[in-house]
Amino acid sequence: MRVPPPVPALPHPPGPVPLRGTVAWGVGAGHLALAAVHLGLGSAPWPLIALIVISLTGCAALLRDRIWPGDAVLFYGGLYGGTLALIIKAALGQPLQDNLGHANAAATLLLMGHLGLWAAVRLAGMLAARMPAPPMTLRLADPALLQRAFLALLAVGMAAALAHVLLRPRMVNGMIEQGAGFGGFGTLSVLLVMALAAGTTLAAGRHGPRARFWLLAALLLMLGMTVVANTKKELGEALIVLAMGAIALRLRPTPARLLGTVAAGAVLLLYVGPVVHIMRADFLDLGLDGRIAAAWSILVDAGFDPRALRAEDARIAASFSYAYREGGSYIYPVSANLDRFALILPVDQVLRGVAQSHVIGPAPFLREVAEGVLPSLLIAKSAATGADLIAWEYGIRIHGNAARPVLGLAASALAIGGPAAVLPLVFAVMLPVVLLLNIGFGDLRRGLAGYTACCITWILAETTLDAALVFALRHAVLAWLACWLVSRVFAVAPDPHR
């Protein structure tokens with residue numbers, strides 16, 4: 001008879017959250033303030049109500065004792081669908097309906113999509129709570145295992161990230177060069193997230209001083225990776241790991257932590273973002289050291305003045321005629337690259353196209369799922385994704401340019417089945433996706449597996465329905481295998497089930 005393995009002590013066990021009431025009051029007060037500002041700006045009542053509801057339901061998903069990966073998906077959806085749009089438009093002094101052709105209808109459809117996601121997340125959470133935790137998630141809750149795995153994960157993850165930057169296919173004028181490069185190392189990006197999550201957990205425990213040193217080194221390396229890869233994903237993902245760690249570990253918002261959060265956000269928005277955009281046209285012709293040197297030159301030439309960087313960034317952004325136009329940008333005539341954080345815009349853009357022509361239907365998107373999951377030996381693949389197909393069909397991007405626009409779940413459901421299909425289609429697709437994540441990885445406070453899953457699911461807020469299925473069937477499976485492998489390789493004691 002097999003003896004079940006001992007359940008390791010959880011580094012941050014479930015229990016009452018002393019600050020939850022305070023945070024809830026703060027969230028409520030913040031939304032009341034945003035509502036007052038928007039009423040003063042003349043925002044239309046219904047878009048304001050819809051975005052407030054989306055934002056509040058997203059924030060509430062993280063005010064729970066047991067936070068599943070599905071709850072993280074709902075939070076990110078609320079952030080992209082409501083919170084950030086409310087903040088950005090308020091900061092720019094623009095009413096919510098500006099640059100939208102069908103503001104009320106777009107707000108309704110975005111809310112329907114979010115409610116479909118909310119229903120899927122709630123049902124998946126109830127079903128997952130009735131199932132036993134996988135042994136892998138229990139092993140990954142052991143701090144001794146995290147200590148053994150941290151530096152190895154960091155080294156392997158960083159090596160894979162560098163290999164991906166050097167070998168990935170090149171984009172030329174919006175199109176991937178056929179037969180050029182290898183993008184397989186990108187699937188190992190989860191190892192860096194796992195390393196940062198392990199380091200954050202250790203830094204908050206008894207291994208604090210040494211772990212904090214290596215965690216700071218890892219964050220600096222992520223900053224360098226952001227420059228050489230010319231994407232903000234690396235540093236942004238590192239900040240997500242820290243934020244989720246604060247929630248998982250129930251860290252109190254001390255002045256030092258708040259100051260660090262504000263400083264990191266300021267560096268990302270005022271310096272890293274503009275430098276990445278300014279370098280984008282020329283970075284492919286530079287080596288790794290050349291990219292670092294070019295980034296430094298841009299900062300020096302601007303005198304480290306964020307206003308000068310912003311002006312140059314705006315000049316470049318204004319040259320993209322498909323995005324920088326009324327109806328093509330949610331914040332026009334401001335040229336900041338912030339439209340991806342306002343999912344009401346792509347819903348409005350698709351709605352205009354659906355009203356004038358037709359829906360695309362499910363067939364092309366099922367093909368995209370097959371291309372994303374099956375190997376190239378079994379199916380011919382194209383550079384375009386489901387988001388590109390929607391953008392070309394409805395004039396969001398110039399036809400043939402694989403720009404990978406951020407559209408979101410609601411806009412893609414609208415393109416597939418029309419207005420009536422938005423809520424049921426989002427629910428039907430996302431229920432198995434979030435259920436798979438919940439069952440496979442466990443909750444945020446269970447250990448490294450759930451922590452990692454809650455950090456990598458931010459992409460589901462940006463993606464289309466077909467890409468969400470690809471994420472669940474490929475990326476999430478690979479992430480689970482990585483977690484399982486780490487739980488075996490770095491196991492501290494023999495496992496009777498092995």
Side-chain angles (χ1 to χ4, degrees), residues 14-17 20-21 23-24 27-28 31 49-83 107-134 137 243-244 247-248 343 347 408-414 417 420-446 449-465 467-469 471-473 476:
V17 185
R20 186 167 59 184
V23 172
V27 168
H31 282 80
I49 293 171
L51 265 62
I52 289 285
V53 171
I54 291 170
S55 180
L56 282 173
T57 53
C59 292
L62 297 188
L63 296 177
R64 304 165 59 87
D65 285 335
R66 200 169 190 185
I67 299 171
W68 297 98
D71 294 311
V73 174
L74 186 61
F75 167 71
Y76 297 131
L79 204 63
Y80 275 74
T83 312
T108 301
L109 291 170
L110 182 63
L111 179 60
M112 291 300 100
H114 188 76
L115 290 178
L117 176 61
W118 175 86
V121 167
R122 291 279 73 82
L123 180 55
M126 288 188 291
L127 293 174
R130 298 179 179 181
M131 299 181 184
T137 65
M244 280 293 169
I247 295 169
L343 292 181
V347 172
L409 303 174
S412 62
L414 177 61
V422 172
L423 192 155
L425 199 53
V426 171
F427 173 80
V429 172
M430 294 307 295
L431 176 60
V433 170
V434 294
L435 185 58
L436 177 67
L437 292 168
N438 291 355
I439 295 173
F441 293 90
D443 64 85
L444 173 65
R445 296 190 172 105
R446 176 65 60 180
Y451 187 174
T452 299
C454 287
C455 293
I456 64 175
T457 49
W458 65 269
I459 193 66
L460 293 176
E462 293 190 353
T463 196
T464 51
L465 288 173
L469 287 172
F471 177 90
L473 296 174

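The first residue of the sequence shown is numbered 1, and numbering continues consecutively from there.
Partner of Val73 under the side chain to side chain contact (heavy atoms under 4.5 Å, CB included) criterion, out of Leu460, Ile459, Val433, Asn438: Leu460 alone.
Within the 4.5 Å cutoff, no side-chain heavy atoms of Trp68 are placed close to those of Leu437. Put simply, the side chain of His114 does not reach to within 4.5 Å of the side chain of Leu409, judged on heavy atoms. In this structure the side chain of Leu115 reaches within 4.5 angstrom of the side chain of Leu111, judged on heavy atoms. Between Asp71 and Arg122, the closest side-chain pair of non-hydrogen atoms falls below 4.5 Å. For the pair Met244/Leu62, a side-chain contact is recorded, criterion being any heavy-atom separation below 4.5 Å from C-beta on.
Thr463 OG1 to Tyr80 OH: the interatomic distance, rounded to the nearest 0.5 Å, is 11.0 Å. Here the CD1 atom belonging to Ile456 is positioned 5.5 Å from the CZ atom belonging to Phe441, to the nearest 0.5 angstrom. Note that the CD1 atom of Ile49 and the CG atom of Leu51 stand 11.0 Å from one another [nearest 0.5 Å]. To the nearest 0.5 Å, atoms CG (Leu436) and CG (Leu431) are separated by 11.0 Å. The CE atom of Met112 sits 9.0 Å away from the CD1 atom of Ile54 when rounded to the nearest 0.5 Å. The distance from atom OG1 of Thr108 to atom CG of Leu423, rounded to the nearest 0.5 Å, is 12.0 Å.
Checked by atom type and distance alone, the side chain of Arg445 never pairs as donor or acceptor with a backbone atom of Gly450 at under 3.5 Å. Formation of a donor-acceptor pair under 3.5 Å by the Thr57 side chain with backbone atoms of Val53 is found in this model. Under the 3.5 Å distance criterion, the side-chain polar atoms of Thr464 are left unmatched by any main-chain donor or acceptor of Ser412.
Heavy atoms only, all atoms of each residue included: Val347 and Leu414 are closest at O-CD2, 3.7 Å. Shortest non-hydrogen contact noted between Leu123 and Phe427 is CD2-CZ, 4.1 Å. Among all heavy-atom pairs drawn from Ala461 and Gly77, the shortest one is CB-N, 3.9 Å. The shortest non-hydrogen separation linking Ile439 to Ala128 is CG1-CB, 4.3 Å. For the pair Cys454 and Ala72, the tightest heavy-atom approach, listed with the atom from each and the gap, is O-CB, 3.7 Å. Leu109 and Val422 make their closest contact through O-CG1, 3.5 Å (heavy atoms, listed as atom of the first residue, atom of the second, distance).
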